[in-house]
Amino acid sequence: MAVTEGIAVGRRDGRETTLGRLDCVRHEGPAALALRGDGMVAGIRITAAC
């Protein structure tokens, strides 16, 4: 989740998407997520509890 403005996330096709404040990105899989910018982000992890 982008806590502030100024963050862009890299996509697999090489393009970037700029995130606004409080925008979230859903990411699955072992690959790293590429973030760029001068803002702040918060990582949120949701796991199933059985």
Side-chain angles (χ1 to χ4, degrees):
M1 180 175 74
V3 178
T4 63
E5 302 280 335
I7 299 292
V9 62
R11 298 185 345 192
R12 290 183 184 186
D13 61 7
R15 297 186 299 176
E16 289 185 341
T17 300
T18 301
L19 302 178
R21 183 176 178 267
L22 302 180
D23 281 349
C24 295
V25 175
R26 179 181 173 185
H27 176 71
E28 292 183 45
L33 187 63
L35 298 174
R36 184 179 66 80
D38 293 326
M40 292 176 31
V41 298
I44 302 168
R45 182 173 297 197
I46 301 173
T47 57
C50 296

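Atoms considered below: every heavy atom in the structure, side chains included; atoms not considered: hydrogens, waters and symmetry mates.
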I need the single residue from L33, V25, L35 that forms a side-chain contact (heavy atoms from CB on, under 4.5 Å) with V41. Which is it? L35
For A2 and G20, work out which heavy atoms get closest and say how close. CB-O, 3.5 Å
Hey, what do you get for CD1 (I7) to OG1 (T18), rounding to the nearest 0.5 Å? 10.0 Å
Check E16 against R36 and note the closest heavy-atom contact, atom names and distance. OE1-NH2, 2.6 Å
Surrounding CZ of R11 (heavy atoms of other residues, nucleotides or ligands, distance under 6.0 Å), is the total greater than 12? yes
If I take atom CG from residue L19 and atom CE from residue M1, how far apart are they, to the nearest 0.5 angstrom? 11.5 Å
Okay, side chain of T4, backbone of M40: is any donor-acceptor separation there less than 3.5 Å? yes
